[in-house]
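Bear in mind that the values here come from a model prediction, so they are computed numbers and not experimental data. Both counts, for ligands and for their atoms, begin at 1 and track the order of listing.
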Amino acid sequence: MGGTAVESLRALLRGEVIGPEDTGYDEARKIYNAMIDRRPAVIARCADTTDVRAAVRYARENDMDLAVRGGGHSGGGLCLVDGSLMIDLSGIRWVRVDPATRTALVGGGSQLGDLDHEAHGFGLATPAGIMSTTGVGGLTLGGGHGHLTRAYGLTIDNLLAADLVLADGSVVTASADEHPDLFWALRGGGGNFGVATSFTYALHPVDDVGVGVTLWDPEHIGAVLRWYREFLPAAPDDLNGFFATLTVPPGPPFPEEIHHKKVCGVVWCSTGPTDEESLAKTFAPVADPAPPVFHFATPMPYPALQSMFDELIPKGLQWYWRGDFFDRITEDAIDVHRTFLENIPTELSTMHLYPVDAAAHRVGPMDTAWAYRDAIWSGVIGGISPEPSEAEAIRTWAVDYWEALHPHSMGAGYVNFMGADEGHDRVRATYRGHYDRLAEVKRTYDPDNVFHHNQNITPAGS
Ligand SMILES: Cc1cc2nc3c(=O)[nH]c(=O)nc-3n(C[C@H](O)[C@H](O)[C@H](O)COP(=O)(O)OP(=O)(O)OC[C@H]3O[C@@H](n4cnc5c(N)ncnc54)[C@H](O)[C@@H]3O)c2cc1C
């Protein structure tokens with residue numbers, strides 16, 4: 001089947017078609033998480049919408065399993081499936097910014113860095129994740145949060161339209177005016193409804209931002225979290241700060257005496273004034289819970305902040321992650337964080353609490369498929385290592401940590417922080433009361449569940 005598919009698709013597509021016999025195959029099937037090693041029957045690196053349509057039709061006519069790859073960042077490797085026809089969207093990477101309407105039209109295989117770079121040229125940006133290499137596709141369809149979330153909401157709150165290739169190979173535009181049911185479902189429902197070949201986003205005036213990093217000794221984690229849980233939700237929308245437990249990387253800007261030290265900290269992004277005096281005022285409260293072991297704050301172009309972690313966690317590491325939403329940080333949760341910071345298995349392993357309040361709370365709970373508008377933080381526990389031999393240790397740490405913390409959460413997590421092995425109940429939980437409505441949209445647009453390599457919403461609504 002694979003060999004036939006390679007030859008047939010080559011005749012149909014403008015983009016590259018890569019099969020197991022081709023020299024580029026092993027490189028083409030590598031995804032961000034090196035823990036996932038699977039072999040598609042054929043990789044269709046589509047060049048445009050017509051290629052995507054041809055690939056979808058080919059898979060259906062030949063009864064092939066279909067997988068869709070955007071940026072390849074999914075933790076559980078949802079885009080990489082043994083024996084499948086993989087639609088690889090990395091050939092559809094382009095961005096067109098219209099400064100007059102403050103909008104960006106973005107190819108469905110683009111990475112966040114593509115959008116950030118082009119929009120920044122016009123002094124504009126839209127909220128997305130914190131790594132430049134994450135795909136706009138998976139991130140947007142799952143919700144999308146990052147440094148601009150408190151100021152401008154989730155990525156889906158800024159999505160104006162998407163072009164989608166449906167399961168029968170037809171193309172639709174989903175927006176507030178066209179296919180509004182589909183547009184509602186796309187904003188949080190993951191890749192369940194079709195292949196998004198482009199996204200249109202609203203942009204906001206964002207140029208230099210005030211970037212801060214504050215680190216404290218782990219003995220102060222209780223005081224810091226007690227302060228953070230009050231300080232951030234009460235802070236103005238223009239201040240974002242995600243809390244993290246981590247090990248200090250051995251390099252600048254960190255002084256040598258804290259290299260390799262376990263710490264807790266906050267990574268800040270201020271879209272307010274970035275002059276020295278304003279930044280000093282904004283960040284003066286960081287001394288309140290305990291004296292930091294490190295603090296810096298400086299103006300930085302927004303794309304520089306967005307690529308700040310790229311080198312620290314490049315493609316090709318072992319990853320295992322789990323997440324949950326939180327509407328409070330309880331004393332019991334603080335104890336769990338303290339314990340698992342002490343037990344952190346590798347220097348890259350980490351836990352983050354991303355704020356999803358402020359502007360993200362001003363969108364109604366029924367307005368999009370994102371079902372946790374009442375959450376204040378979207379938490380993720382990431383076991384990370386360059387060593388395959390440490391795969392089991394990072395997985396065990398992440399699962400144990402998650403199990404200890406889960407009772408102190410809202411009972412479900414962000415769909416983009418779910419692994420492929422968490423079970424269907426977790427998918428239902430992330431969509432809460434929206435699941436049945438999502439299943440109805442699924443029945444309309446993908447009744448045969450062609451797009452099922454995702455956190456699957458079944459047409460039957462099961
Ligand atoms: C290092 C790292 C940092 C991250 N940081 C953040 C963050 O700050 N904020 C945040 O919100 N999330 C973050 N994430 C999670 C991220 O949003 C998800 O992993 C997301 O699924 C990645 O999308 P992708 O397109 O790169 O992934 P892929 O693995 O390519 O795809 C993931 C899923 O989306 C589907 N999909 C992808 N593109 C399309 C498309 N165009 N049309 C239809 N379906 C598509 C795939 O079929 C698959 O089911 C991070 C992930 C990593 C690895």
>> Judged on heavy-atom distance to atom 12 (N) of ligand 1, which of Ile92, Val52, Leu139 sits nearest?
In response: Leu139
> Among Asn158, Thr140, Asp157, whose side-chain hydrogen bond (donor to acceptor under 3.5 Å, both in side chains) with Tyr201 holds?
Replying inline: Thr140
> Which protein non-hydrogen atom lies closest to atom 24 (P) of ligand 1, naming both residue and atom, and how far is it?
Replying inline: Gly71 N, 3.4 Å
>> I'd like to know whether ligand 1 has Gly144 as a neighbour, heavy-atom separation below 4.0 Å.
In response: yes
> Is Gly142 in contact with ligand 1, taking contact as a heavy-atom separation below 4.0 Å?
Replying inline: no
>> According to side-chain contact (heavy atoms from CB on, under 4.5 Å), who are the partners of Thr103, at least two apart in sequence or on a separate chain?
In response: Asp98, Thr101, Leu160, Thr200
> Mind checking whether Tyr152 and His204 have parallel, tilted or perpendicular rings, split at 30° and 60°?
Replying inline: parallel
> Is ligand 1 less than 4.0 angstrom away from at least one heavy atom of Phe309?
Replying inline: no
> Would you call the rings of Phe417 and His145 parallel, tilted or perpendicular, where under 30° means parallel and over 60° means perpendicular?
Replying inline: perpendicular
>> Between the side chains of Asp181 and Arg437, is the shortest nitrogen-to-carboxylate-oxygen separation below 4.0 Å, so that they form an ion pair?
In response: no
>> Check contact between Gly190 and ligand 1, using heavy atoms of the residue and a distance below 4.0 angstrom.
In response: no
> Of the protein's non-hydrogen atoms, which lies at the shortest distance from atom 27 (O) of ligand 1, and what is that distance?
Replying inline: His73 N, 3.1 Å
> Ignoring hydrogens and geometry, is there a side-chain-to-backbone donor-acceptor pair from Asn62 to Tyr58 under 3.5 Å?
Replying inline: yes
>> Heavy atoms only: which of Leu164, Leu141, Thr134, Thr140 lies closest to atom 50 (C) of ligand 1?
In response: Thr134
> For ligand 1, is any non-hydrogen atom under 4.0 Å from Phe451's backbone (N, CA, C, O), its side chain (CB onward), both, or neither?
Replying inline: neither
> Which of these, Met131, Arg69, His452, His453, has its nearest heavy atom closest to atom 49 (O) of ligand 1?
Replying inline: His453
> Using a heavy-atom cut-off of under 4.0 Å, does the side chain or the backbone of His145 touch ligand 1, or both, or neither?
Replying inline: both
> Does at least one non-hydrogen atom of Trp321 fall below 4.0 angstrom from an atom of ligand 1?
Replying inline: yes
> What protein heavy atom is closest to atom 41 (N) of ligand 1, reported as residue, atom name and distance in Å?
Replying inline: Ala196 O, 3.0 Å
> Which protein non-hydrogen atom lies closest to atom 34 (O) of ligand 1, naming both residue and atom, and how far is it?
Replying inline: Gly138 CA, 3.5 Å
> Going by an N to O cut-off under 4.0 Å, is there a salt bridge joining Asp88 and Arg45?
Replying inline: yes
> Looking only at heavy atoms, is any part of Val136 under 4.0 Å from ligand 1, and if so is it the side chain, the backbone, or both, or is it neither?
Replying inline: neither
> Are the charged groups of Asp82 and Arg39 less than 4.0 angstrom apart, N to O?
Replying inline: no
> Given Asp163, Val68, Leu66, which has its nearest heavy atom closest to atom 35 (C) of ligand 1?
Replying inline: Val68
> Nearest to atom 43 (C) of ligand 1, what protein heavy atom do you find, and at what distance?
Replying inline: Gly194 O, 3.2 Å
> Is the closest basic N to carboxylate O distance between Arg428 and Asp436 below 4.0 Å?
Replying inline: yes
> Does an N or O anywhere in Tyr414 fall below 3.5 Å from an N or O of ligand 1?
Replying inline: yes
